[in-house]
Amino acid sequence: MIDHEKIEQAVRLFLEGIGEDVSREGLRDTPERIARMCGELYGGMDDDAAVHLSKTFSVDSSEMVTERDITFYSTCEHHILPFYGKAHIAYIPDGKVVGLSKLARTVEVYARRLQLQEQLTGQIADALMAYMQPKGALVMIEAEHMCMTMRGIRKPGSKTVTMAKRGVFETDPALEESFFRMLHAEGTER
């Protein structure tokens, strides 16, 4: 649960700590704005992936389902700076599928908290396996980290890529190859 009062106090102290005048016009409402923003950015702390992944539909097929290019924004827990990018998800149904928007919502549950990209990738894959019980799941995330681009090494445009494989994706290399073909396939004209 987000404690707005504590966040506002912390922001005031932070602003004073960097030498700002917290009473000046441009900063007077900043602590309150930051507290509201934290509700948006870290709302995943109060959210549960089970809510999104528990509504399933029966299917006879066990063909791969892939949702690619799911845009997300998260915050690095080491520097409290943003990282953002695309998540790509695949799973092999075992008698049931989930609504496609639920995959994006699951990404949001875990992205909207202080996070590490490696951990985020695994949490999404684990949630798919736990709540949908597919034959396998694969999650790949490509992200740019502001802690790499605006401070430290300062290398804008560099991407970090992580992947988590569960179930049949761990044992069948052909499934992973098929995922990458689908990931890089261009749309066809009709």
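Bear in mind that the values here come from a model prediction, so they are computed numbers and not experimental data.
I7 and Y42 end up in the same hydrophobic cluster when Ile, Leu, Val, Met, Phe, Trp and Tyr side chains are linked at under 4.5 Å. Cluster annotation: V65 is connected to L53 through the hydrophobic network of ILVMFWY side chains, with a link wherever side-chain heavy atoms come within less than 4.5 Å. Under a hydrophobic-cluster definition in which Ile, Leu, Val, Met, Phe, Trp and Tyr are linked whenever side-chain heavy atoms come within less than 4.5 Å, directly or via other members, M150 and Y73 are assigned to the same cluster. Taking hydrophobic clusters as Ile, Leu, Val, Met, Phe, Trp and Tyr residues chained together by side-chain heavy-atom distances below 4.5 Å, I80 does not share a cluster with F83. Linking ILVMFWY residues whenever their side-chain heavy atoms come closer than 4.5 Å, directly or via other members, places M163 and V168 in the same cluster.
The structure places CZ of F169 at 7.5 Å from CZ of F179, a figure rounded to the nearest 0.5 Å. Distance CD1/I34 to CG/D29: 11.5 Å, rounded to 0.5 Å. Atoms SG and CG, on C76 and L120 in that order, are 12.0 Å from each other to the nearest 0.5 Å. Distance check, rounded to the nearest 0.5 Å: CE of M45 to SG of C38 gives 12.0 Å. Note that the CG atom of L183 and the CD1 atom of I89 stand 12.0 Å from one another [nearest 0.5 Å]. We find the CG-NE2 distance between L114 and H79 to be 13.0 Å, quoted to the nearest 0.5 Å.
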Sequence neighbours excluded and cut-off under 3.5 Å, please list the side-chain donor-acceptor pairs for residues 93-109, or say none.
unit_1: T106; atom_1: OG1; unit_2: K102; atom_2: O; d: 2.8

Taking distance alone, no hydrogens or angles, what donor-acceptor pairs closer than 3.5 Å link side-chain atoms of residues 8-18 to residues at least two apart or in another chain?
unit_1: R12; atom_1: NH1; unit_2: E8; atom_2: O; d: 3.3

For residues 128-147, dump all side-chain donor-acceptor pairs below 3.5 Å to protein atoms at least two apart in sequence or in another chain.
unit_1: E142; atom_1: OE1; unit_2: H88; atom_2: NE2; d: 2.6
unit_1: E144; atom_1: OE2; unit_2: G157; atom_2: N; d: 3.1
unit_1: H145; atom_1: NE2; unit_2: Q117; atom_2: OE1; d: 2.7

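Residues passing the side chain to side chain donor-acceptor pair (under 3.5 Å) test with R33 are T30, sequence neighbours excluded. Every residue two or more places apart in sequence or in another chain that forms a salt bridge (charged side-chain N to carboxylate O under 4.0 Å, His left out) with R24 is listed here: E20. Annotation: salt bridge (charged side-chain N to carboxylate O under 4.0 Å, His left out) contacts of R36 (sequence neighbours excluded): E32.
The local environment of CE in M37 is crowded, with over 12 non-hydrogen atoms from other residues, nucleotides or ligands closer than 6.0 Å.
Listed by first and then second residue, the salt bridge (charged side-chain N to carboxylate O under 4.0 Å, His left out) pairs involving residues 113-134 are D126-R166 (not counting sequence neighbours). Applying the side-chain hydrogen bond (donor to acceptor under 3.5 Å, both in side chains) rule to pairs touching residues 43-57 yields D47-H52, sequence neighbours excluded. Applying the salt bridge (charged side-chain N to carboxylate O under 4.0 Å, His left out) rule to pairs touching residues 168-184 yields K165-E176, sequence neighbours excluded. Here salt bridge (charged side-chain N to carboxylate O under 4.0 Å, His left out) pairs that include residues 69-80, with residues two or more places apart or in two chains, number zero.
For K155 against T149, the heavy-atom pair with the smallest separation is O-CG2, 3.6 Å. Residues S158 and M148 share a closest heavy-atom pair of OG-CE, 3.7 Å. The nearest pair of heavy atoms linking A35 to I2 is O-CG2, 4.4 Å.
As a member of the Ile/Leu/Val/Met/Phe/Trp/Tyr network built from side-chain separations under 4.5 Å, L116 groups with nothing else and remains a singleton. V51 belongs to no hydrophobic cluster with other residues, because no ILVMFWY side-chain heavy atom falls under 4.5 Å from its own, directly or through intermediates.
Under a 3.5 Å cut-off, the side chain of R112 and the backbone N or O of T75 do not form any donor-acceptor pair. Side-chain N or O atoms of Q115 include one that pairs as donor or acceptor with a backbone N or O of Y110 at under 3.5 Å.
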**OP:** Take M64 and S178 through the side chain to side chain contact (heavy atoms under 4.5 Å, CB included) test and state the conclusion after the steps.
**Re:** CA-CA 9 Å; M64 185 186 311; S178 179; 3.8 Å; yes
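A donor atom on one side chain and an acceptor atom on the other are found under 3.5 Å apart for K86 and T71.
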